[in-house]
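Notes for the one structure printed next.
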Amino acid sequence: MSGTPPVPRGEVPARLLAWWEGHRRHFPWREPGLSPFAVLLAEVLLKRTTATAAARVYPVLLARYPNAHALASAPPGELEVILSGVGLQRQRARGLKEMASYLCANAGGEVPRDLGELLRVPHIGPYTARAVLVFAFGEPLGLVDSNTVRVFQRLFGGTAPQGRGLRAYQGLADSLVPPDRPREYNWAFMDFAALVCRPGAPQCGTCPLGHVCATRTAAPGGSPDQRGLCGGDRPPHGGRDQESGYRD
DNA sequence: TTCCTGAGAC
DNA sequence: GTCTCGGGAA
């Protein structure tokens, strides 16, 4: 009896990527060869917005505003019309213009490849800045949002970071990213969180991480019974913080 | 009803 | 720290 068996984290990225080969979702902003600005445009558009809704307007947006200069000089009201129906029209239209104007005035209209610089751009926060670094420049960073936290808590159980904010999970998220495939891994993680390890009714029966999931293996008897064990809203039960090897 | 690739204002 | 933006989909 060696206490609680540690979750073999090393297997997680490989299993996720293998699963993703047959389950990946396709979106316009995942096409190869997009400019950093095109990536930034997608990330800002996707904030608090469903991917299917964003996919409806993204091609129109990108075709009309292929760079920061075009977006910054968009006629008043034009952006709102394009964004109507997606939600958050007013704030997002204003935010996109302010962002583009800042880039034109302070960065020559280019998207900075630097976390600190990106965080100075209006309406770019910790998530969007890292997403741009990952998807536009291939930096090996992990993306942390509420979905990341949910998956980590289910997957690692009591050995997951115990902090309250999203920042507590950044180090673990970064440590899981395969240095040679940051884009594919982060897309795989997002698709996994959206399709399998969902907020409600997680698909534990077909989960590619079932054998390494703390929530599932917490089942008595070790047999993966088909009750919705992962469906619990709370983490398995507090297992001492234990540091969990989390480093920044 | 909750949730969606969050971030700014307070 | 909390509140707000927002329409659409499950």
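Naming: A, B, ... by sequence-line order, numbering from 1 per chain.
Closest to the side chain of A:Q89, from the set C:dG6, B:dC4, B:dT5, is C:dG6. When distances are taken from the side chain of A:N147 to each of B:dG6, B:dC4, B:dT5, the shortest belongs to B:dC4. If you check C:dC5, B:dT5, C:dG8 against the side chain of A:Q91, the one that comes closest is C:dC5.
Side-chain atoms of A:R94 and A:E80, non-hydrogen and from C-beta on, never get closer than 4.5 Å to each other. Side-chain contact between A:R130 and A:E139 is absent, with no heavy-atom pair separated by less than 4.5 Å. Between A:R9 and A:L172, the closest side-chain pair of non-hydrogen atoms falls below 4.5 Å. Residues A:I124 and A:V132 form no side-chain contact, since every pair of their non-hydrogen atoms from C-beta on lies 4.5 Å or further apart.
The CZ-C1' distance, from A:R120 to B:dA7, rounds to 17 Å in whole Å. Rounding to whole angstrom units, CG of residue A:D145 and C1' of B:dC4 are separated by 10 Å. In this structure, CZ of A:R56 is placed 13 Å from C1' of C:dG6, rounded to the nearest angstrom. Distance, A:F135 CZ to B:dT5 C1': 8 Å, rounded to whole Å. Rounded to whole Å, atom P of B:dT5 lies 21 Å from atom CG of A:L118. Look at CZ on A:R198: it is 17 Å from C1' on B:dT5, rounded to the nearest Å. The nearest whole Å value for the distance from the CZ atom in A:R92 to the C1' atom in B:dT5 is 11 Å. We find that CG of A:L195 is positioned 13 Å from P of C:dA10, with the value rounded to whole Å.
To the nearest whole angstrom, the two P atoms, one in C:dC5 and one in B:dT1, are 15 Å apart. Taking the P atoms as reference points, C:dG8 lies 24 Å from B:dA7, given to the whole Å. When the P atom is compared between B:dT2 and C:dT4, the two are found 15 Å apart, to the nearest whole Å.
Aromatic pair A:F189/A:F152: centroids less than 6.0 angstrom apart. When ring centroids are compared, A:Y58 and A:W29 come within the 6.0 Å threshold.
Between A:F192 and A:W19, the ring planes lie perpendicular to each other; the angle is over 60°, past the 30° to 60° tilted range.
DNA chain B lies under 4.0 Å from at least one heavy atom of each of the following residues of residues 32-50 of chain A: A:E43, A:L46, A:K47, A:R48, A:T49, A:T50.
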Got a list of protein N/O to nucleotides 8-10 of chain B N/O distances below 3.5 Å?
residue, atom, partner, partner atom, Å
B:dG8, OP1, A:H123, N, 2.8

Can you check side-chain contact (heavy atoms from CB on, under 4.5 Å) on A:F156 and A:V151, steps first, answer last?
CA-CA 8 Å; A:F156 299 118; A:V151 172; over 6 Å; no
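A:R92 and A:T49 share a donor-acceptor pair across their side chains, judged by distance under 3.5 Å alone.
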